[in-house]
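Just below is one structure, and these are the notes that go with it.
What you see is a predicted model, and the numbers here were worked out from it, not measured in a lab.
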Amino acid sequence: MKNIVILISGAGSNMASIVRTAQRDQWDVRLQARVAAVISNRPDAGGLAIARQWGIATDVLDHRGFAEREAFDLALAERIERHDPQGMPALVVLAGFMRVLTPMFVARFAGRLMNIHPSLLPAFTGLHTHQRAIDAGCQVAGATVHLVTERLDDGPILAQATVPVLAGDTAQSLGARVVTQEHLIYPRAIAAWLQR
């Protein structure tokens, strides 16, 4: 069984779409894969309750308890590995995990660390992507699923989806359309990666 560990920091809407798709499409049977755990760096992350409702193991590692980023990432890597009998999950999925990861962490999970970003990479890395797309006069915006490298919001692109930028759009209205596409492309990209 290929174990997937999902990292979240907030409400967990992408995590929920992944879990729903995994159960609906019977990843455990078809792909020999399952979501083994959901880990958050925030104790109050709403997505933890959602994961528990699905019967998925949850864990919290509060980043505020660590003086250095490297120490947090090392502890996080060890927590992730506990959720796989082999000690190394098939895939680590960042689903709204609002932490920049250290090179050590990225190297440890190289080729098995996936992220979704709310822009059409390579455009608009980092934060405030929807407002930046509007300010730049873009006619389309979207989301990108990619493998994680040491560079922020970089790495091989696995899937993208576009939405139009409409007259009168705000960052919130554009973001709402983008997130609906995120919920579609992220589970598809994960399933495709598991089948490779």
Side-chain angles (χ1 to χ4, degrees), residues 1-25 27-28 30-41 45 47 50-51 54 56-59 61 73 76-77 79-84 86-127 129 142-161 178-196:
M1 186 66 67
K2 301 170 202 160
N3 285 328
I4 301 164
V5 175
I6 301 177
L7 306 183
I8 65 170
S9 293
S13 70
N14 270 307
M15 176 271 302
S17 72
I18 292 163
V19 172
R20 274 194 304 273
T21 302
Q23 293 195 355
R24 181 195 70 213
D25 295 350
W27 286 5
D28 57 337
R30 288 185 39 249
L31 304 176
Q32 296 296 299
R34 70 183 184 109
V35 176
V38 173
I39 302 174
S40 178
N41 65 311
I50 295 168
W54 287 95
I56 297 168
T58 60
D59 205 343
L61 186 65
D73 279 9
L76 179 60
R79 292 278 180 101
I80 290 167
E81 290 167 358
R82 284 185 205 163
H83 293 284
D84 191 283
Q86 308 302 317
M88 196 62 83
L91 187 61
V92 178
V93 174
L94 308 178
F97 188 65
M98 302 305 290
R99 300 283 301 164
V100 175
L101 299 165
T102 60
M104 171 279 300
F105 185 95
V106 173
R108 191 164 178 162
F109 297 103
R112 297 176 296 115
L113 185 58
M114 193 179 293
N115 185 43
I116 191 159
H117 183 72
S119 79
L120 294 173
L121 292 175
F124 309 121
T125 62
L127 300 174
T129 58
T144 303
V145 179
H146 65 98
L147 291 178
V148 176
T149 64
E150 290 182 18
R151 293 182 51 188
L152 180 67
D153 298 326
D154 190 46
I157 291 173
L158 304 176
Q160 288 186 308
V178 169
V179 80
T180 62
Q181 294 303 307
E182 290 179 21
H183 293 168
L184 297 173
I185 66 169
Y186 212 179
R188 285 184 203 148
I190 292 168
W193 187 91
L194 291 166
Q195 293 177 79
R196 63 188 172 89

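With rounding to the nearest 0.5 Å, the separation of CZ in R151 from OG1 in T149 is 7.0 Å. Separation of atoms OH (Y186) and CD1 (I6) is listed at 8.0 Å; rounding is to 0.5 Å. Here the straight-line distance linking atom CG of N115 with atom CG of D153 works out to 6.0 Å at 0.5 Å rounding.
Here H83 pairs with nothing under the side chain to side chain donor-acceptor pair (under 3.5 Å) rule; sequence neighbours left out. By the side-chain contact (heavy atoms from CB on, under 4.5 Å) test, T180 pairs with no residue at all, sequence neighbours left out. When the side-chain contact (heavy atoms from CB on, under 4.5 Å) test is applied to A16, the partners found at least two apart in sequence or on another chain are R20, I50.
Remark: the backbone N or O of F124 is paired with a side-chain donor or acceptor of H117 at under 3.5 angstrom. A donor-acceptor pair under 3.5 Å is formed between the side chain of S9 and the backbone N or O of M98. In terms of modelled atom types and a separation under 3.5 Å, the side chain of T144 and the main chain of Q160 share no donor-acceptor contact.
Considering all non-hydrogen atoms of both residues, P118 and T129 come closest at O-OG1, 2.8 Å. Nearest heavy-atom pair across D84 and A90 is OD2-N, 4.3 Å. A33 and I4 get closest at one heavy-atom pair: CB-CD1, 4.4 Å.
Evaluation of the salt bridge (Lys or Arg N to Asp or Glu O under 4.0 Å) test over residues 5-18, restricted to residues two or more places apart or in two chains, returns none. For residues 98-119, the set of pairs meeting the salt bridge (Lys or Arg N to Asp or Glu O under 4.0 Å) definition, not counting sequence neighbours, comprises E81-R108.
There is a side-chain donor-acceptor pair under 3.5 Å between S13 and H183.
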Taking distance alone, no hydrogens or angles, what donor-acceptor pairs closer than 3.5 Å link side-chain atoms of residues 188-196 to residues at least two apart or in another chain?
residue: Q195; atom: NE2; partner: A191; partner atom: O; Å: 3.1
residue: R196; atom: NE; partner: W193; partner atom: O; Å: 3.2

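When each of N41, V93, L94 is tested with L7 by the rule side-chain contact (heavy atoms from CB on, under 4.5 Å), just one qualifies, namely L94.
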